[in-house]
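Below: one structure, written as structure tokens.
Numbers here simply count residues along the sequence, with the first being 1. Small disclaimer: the values here were computed from a predicted structure and weren't measured.
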Amino acid sequence: MAKLTGASYAKIALIIAFGALVIAALGFGGCAAGCRSLEGETNMGSASVDASSVKNLSISWAAGEVNVFVVDGGDAIELSETGPRGLTKAQQMRWGVSGDTLSVDYGSWFSCFMLGRKDLEVRIPRSYADDLGLVRMDAASGTYRLDGFGCAELKVDLASGQLDVTDVTAKELSLDVASGQANVAGSFADRVRLKTASGQTRVACAGTCPRELDADVASGSVAVALPEGSGFSAHVDKASGSFFCAFPTTQDGDRFVCGDGAGKIDVKLASGEFKIEQG
């Protein structure tokens with residue numbers, strides 16, 4: 001049997017080290033959730049994008065702070081990226097417009113692994129901010145703030161960290177929280193979908209009770225605040241944990257009815273707690 005030479009051992013060591021690096025990168029803080037491939041032409045770094053060409057907004061971020069908010073004046077959506085020590089070209093974010101969708105991505109998996117956190121501001125002109133289509137956020141870790149815009153659907157997947165949504169109007173809200181803390185406040189008239197594996201989630205619905213609300217809670221604490229005078233019918237499928245409702249209800253088995261029962265609430269509770277609050 002042939003013996004391995006010193007050069008062969010060196011090659012094997014390099015292969016093992018590279019494999020370990022790849023495995024570490026794939027598992028680093030949910031980086032895969034924040035680094036992806038974009039469709040169409042890809043651009044790099046901070047930019048101004050013609051707001052009239054954008055209907056949908058999709059952001060995928062790995063770590064750091066992301067702020068999406070509305071500003072007075074202007075005709076461009078401003079994308080501003082900053083890093084703790086400045087950014088090389090290879091470390092810059094990627095963005096592109098495909099059809100009427102503006103997609104923003106943290107960057108390559110390698111920069112995600114090597115760089116760690118960096119921050120993003122997305123400034124939307126007020127004249128374009130109330131009629132967006134789908135606004136989607138894939139958040140791996142860090143702090144995320146969304147404020148002041150209107151859209152057909154807001155969809156957020158949060159792996160970890162902190163999410164704060166204020167003064168947002170959307171027909172539909174979809175929120176999937178693996179861990180961390182999410183606080184959402186706005187008007188969501190048609191449907192609210194909540195999926196929580198752990199951590200804390202609170203959604204405050206202003207103005208009107210959603211026509212449909214679906215909640216799937218594995219663990220942790222989930223609270224939904226509805227306006228005073230709301231009418232709803234809540235079906236609670238509870239394996240363990242606790243259910244609390246601040247509204248006066250009549251109970252029939254696992255169904256709780258308040259007022260005219262117009263809003264349809266479906267709760268699947270494996271553990272933890274689910275609360276319906278007033279206000």
Side-chain angles (χ1 to χ4, degrees), residues 18 21-71 74-125 127-129 131-147 149 151-161 163 174 176 178:
F18 181 75
L21 177 62
V22 171
I23 293 171
L26 291 174
F28 175 71
C31 255
C35 302
R36 63 183 179 184
S37 297
L38 300 183
E39 296 181 359
E41 182 179 352
T42 300
N43 305 280
M44 301 173 66
S46 299
S48 295
V49 182
D50 180 13
S52 66
S53 67
V54 176
K55 184 69 174 180
N56 309 304
L57 175 63
S58 178
I59 300 172
S60 183
W61 210 253
E65 184 173 305
V66 175
N67 288 286
V68 181
F69 57 96
V70 177
V71 295
D75 295 309
I77 297 175
E78 301 289 342
L79 307 176
S80 179
E81 176 190 37
T82 56
R85 299 175 300 278
L87 299 170
T88 66
K89 189 171 183 179
Q91 294 170 336
Q92 291 176 350
M93 68 181 182
R94 273 62 167 169
W95 65 271
V97 179
S98 178
D100 56 4
T101 299
L102 169 60
S103 298
V104 183
D105 177 68
Y106 181 96
S108 68
W109 71 266
F110 185 76
S111 64
C112 177
F113 173 68
M114 296 300 294
L115 182 62
R117 66 160 292 157
K118 57 181 178 178
D119 303 333
L120 171 68
E121 280 193 358
V122 179
R123 299 184 285 273
I124 306 173
S127 57
Y128 296 92
D131 193 30
L132 296 171
L134 171 63
V135 176
R136 177 169 183 170
M137 173 75 74
D138 290 319
S141 178
T143 302
Y144 302 85
R145 299 184 181 92
L146 313 178
D147 178 55
F149 57 82
C151 59
E153 181 180 1
L154 174 61
K155 184 174 183 179
V156 181
D157 292 341
L158 179 68
S160 182
L163 170 70
S174 297
D176 189 337

*What's the verdict on side chain to side chain contact (heavy atoms under 4.5 Å, CB included) for L154 and L146, showing C-alpha distance, side-chain angles and the deciding distance?*
CA-CA 10 Å; L154 174 61; L146 313 178; 3.9 Å; yes
Exercise: identify the closest heavy-atom pair between [X] and [Y]:
X	Y	answer
W95	A47	CZ2-CB, 3.4 Å
R117	P84	O-CD, 3.4 Å
D75	P125	C-CG, 4.1 Å
D105	M93	O-CB, 3.2 Å
S53	V97	O-CG1, 4.4 Å
Y144	S141	OH-O, 2.5 Å

Give, for atom [atom1] of [X] and atom [atom2] of [Y], the distance between the pair rounded to the nearest 0.5 Å.
X	Y	atom1	atom2	value
L57	M137	CG	CE	7.5 Å
T82	L87	OG1	CG	7.5 Å
E153	L132	CD	CG	12.5 Å
L163	R145	CG	CZ	10.5 Å
K55	L134	NZ	CG	11.0 Å
R94	S103	CZ	OG	14.5 Å

Check whether any side-chain N or O of [X] sits under 3.5 Å from a backbone N or O of [Y] as a donor-acceptor pair, and report yes or no.
X	Y	result
W61	V104	no
K118	Q91	yes
K155	D138	no
S46	E81	yes

*Sequence neighbours left out, what passes side-chain hydrogen bond (donor to acceptor under 3.5 Å, both in side chains) with N56? Give chain and number order.*
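N56 satisfies side-chain hydrogen bond (donor to acceptor under 3.5 Å, both in side chains) with D100, T101 only.
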